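To keep things clear, I will list the structure first and then write my remarks on it.
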Amino acid sequence: MAATRRYHGAMRAAIYYVLAYVLLDWVSYLHPVLPLAVTPWTPAPGLGLAFLLLAGLRQWPWLLIAALSAELLLRDVPLTLPWVVAASSILALTYAGLAWALGQWVRIDIRLRSLRDLTWLIGGSLSAALLAGLAYVGLYTVAGVTAAGDFPTNVLRFWVGNSVGLLVTVPLLLVWAGRYPARLAPSREVWLQAGSLMLSLWVIFGIPFTEEFKFFYLLYLPMVWIATRHGIVGVTLALAATQLGLIGALQWGGHHDTTVLEFQLLMLGLSVTGLFLGMTVTVRQLAEERLHRREAELNQALRLAAAGEMAQALAHELNQPLSALANYSRASRAMLAAPEHGVLLAETLEKIERESTRAGQVVRRLREFFRGGGLRLERVGVAALVEEGISPARRRAERLGADIRIVLDEALPELRADRVQIGMVLHNLVANALDAIGTEPETARRVDIVVWRQDGGLVRFCVSDSGPGIAAEMRARLFESFATSKPEGMGLGLSISRTLVEAHGGALWLEATQPTQFCFNLPVDTDSGTAAADSAASQPQP
Ligand code: ADP
């Protein structure tokens with residue numbers, strides 16, 4: 001069943017391909033050198049080559065069928081069928097040979113990821129077009145259809161038409177058929193670039209100069225702009241648009257055959273330059289992206305390693321007191337069975353107490369270590385605190401096109417706080433908010449920070465975002481260590497933030513889920529506030 005469906009799918013693709021080939025050949029059948037079918041722009045073989053590269057070499061008979069159909073339907077060659085079959089076979093076999101050489105012999109990546117792939121594609125196309133030209137024109141010369149004296153010019157025409165056709169069509173189809181890693185999204189710049197291409201064409205053809213060729217170089221300007229900004233993805237589109245514009249202008253201008261050929265030679269130069277420049281830019285962009293990905297992976301690995309290290313240190317430090325505790329408890333139970341061991345029992349219980357205190361100290365010491373040695377309280381203004389906390393996230397917010405709005409109550413008192421730690425808390429909350437809004441449409445991305453004074457000597461900070469809300473399976477576990485819904489998350493941000501705020505004598509909680517809002521309180525710098533923070537600093541809670 002699935003095999004039949006696949007077969008039908010392949011057949012349909014092949015038939016569409018033959019139709020597209022004949023149609024493209026018909027559309028581009030301009031300025032032919034009669035009775036030869038040599039035109040200055042021959043994109044159909046490019047379609048054939050791309051089809052073989054994408055659909056597999058086994059499809060080569062379709063190339064023959066397509067070439068033969070085009071030859072019989074569109075041309076008026078005064079020869080018998082065997083000659084026409086031979087001419088079509090030359091085209092089909094040469095380009096099937098090129099597809100074989102590229103795919104099997106030099107094994108290029110058909111998604112065009114490197115300069116090597118592109119160099120082979122361009123070199124192979126130019127050579128195959130020349131070979132096909134020699135054989136095709138040679139055949140018609142031998143058949144007596146064209147004069148032997150015209151052989152070199154006819155081969156040149158064939159070569160130029162086929163080469164431009166291949167270089168404009170094949171990279172375009174290869175890059176746009178699959179999911180190319182780099183993409184091109186419509187933006188104001190893209191429209192400006194398209195406009196500058198049209199402007200260049202208009203200057204070349206719209207203003208009546210005697211020598212239009214002199215102004216062809218103008219097309220290099222938008223092409224270089226497009227290549228440097230969008231790499232090969234942009235260049236392939238720009239070349240196709242330029243070629244269409246060029247052919248359209250030449251056609252409507254009623255230009256002489258030789259002029260068209262000369263323009264196509266210039267177009268060949270533009271295509272090769274544009275493609276190489278675009279590929280160079282794309283290769284750099286891809287390498288940069290790879291580097292970024294590796295950096296992120298490395299960061300993740302380092303964080304995991306740090307967490308692993310911490311877990312190991314904890315296990316090592318706690319193992320001894322815990323097994324001592326277990327032994328003493330066992331011994332105590334045995335002594336309870338024999339009441340005459342009262343003194344021993346008291347001693348053993350004392351040991352249990354000692355060991356559990358030691359285990360508690362280990363945990364506290366480790367926590368102090370990771371927290372950077374306790375609180376460093378100082379008087380600090382709320383505005384400065386908020387600014388310091390969110391400044392590291394500003395660039396990311398800009399990249400996301402998100403608006404971070406800060407609303408501070410008038411006349412907020414100063415706080416006594418560790419600015420680094422509260423900065424970390426704010427940063428964690430804002431980073432989570434930015435993660436959350438990343439999935440929303442750009443116009444709706446917003447993060448709001450509101451701070452106001454409350455009764456009871458407290459200042460409340462709230463961070464809300466326009467994201468989709470908290471995932472249902474996360475709601476109950478938000479503040480647990482290592483609870484995360486993100487592939488690269490550590491799930492420590494909220495639990496650490498809560499510990500840090502509590503160490504200041506404050507509290508942190510989830511205020512609302514739609515929209516998401518996290519809030520925390522900090523005591524103001526009055527005597528009671530200071531006392532709360534100080535006692536929290538000297539006696540961190542486990
Ligand atoms: P991490 O960000 O590394 O996952 P956190 O402890 O900071 O760790 O957050 C835990 C989880 O809480 C996140 O994975 C996410 O599912 C959820 N969360 C936190 N903040 C938000 C928010 N603003 N919007 C939606 N979900 C959130």
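Counting convention: from 1, in listed order, for ligands and their atoms alike. In what follows, every heavy atom counts, from backbone to side chain, and hydrogens, waters and symmetry copies are set aside. Small disclaimer: the values here were computed from a predicted structure and weren't measured.
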Using 30° and 60° as the class boundaries, would you call the ring planes of Phe479 and Phe518 parallel, tilted or perpendicular?
perpendicular

Pocket residues around ligand 1 (non-hydrogen, under 4.0 Å) come out as Asn432, Ala433, Ala436, Asp465, Gly469, Ile470, Met474, Leu478, Ala483, Thr484, Ser485, Lys486, Gly489, Met490, Gly491, Leu492, Gly493, Leu494, Thr516, Phe518

Does Arg460, at its CZ atom, have more than 12 non-hydrogen atoms belonging to other residues, nucleotides or ligands within less than 6.0 Å?
yes

Using a 6.0 Å cut-off, check whether atom CZ of Arg394 has over 12 heavy atoms from anything other than its own residue.
yes

For the residue pair Asn327 / Lys351, report whether a side-chain donor-acceptor contact shorter than 3.5 Å exists.
no

Any donor-acceptor pair under 3.5 Å from Thr513 side chain to Thr516 backbone
no

Aromatic rings Trp105 and Trp100: how do their planes relate, parallel, tilted or perpendicular, breaks at 30° and 60°?
parallel

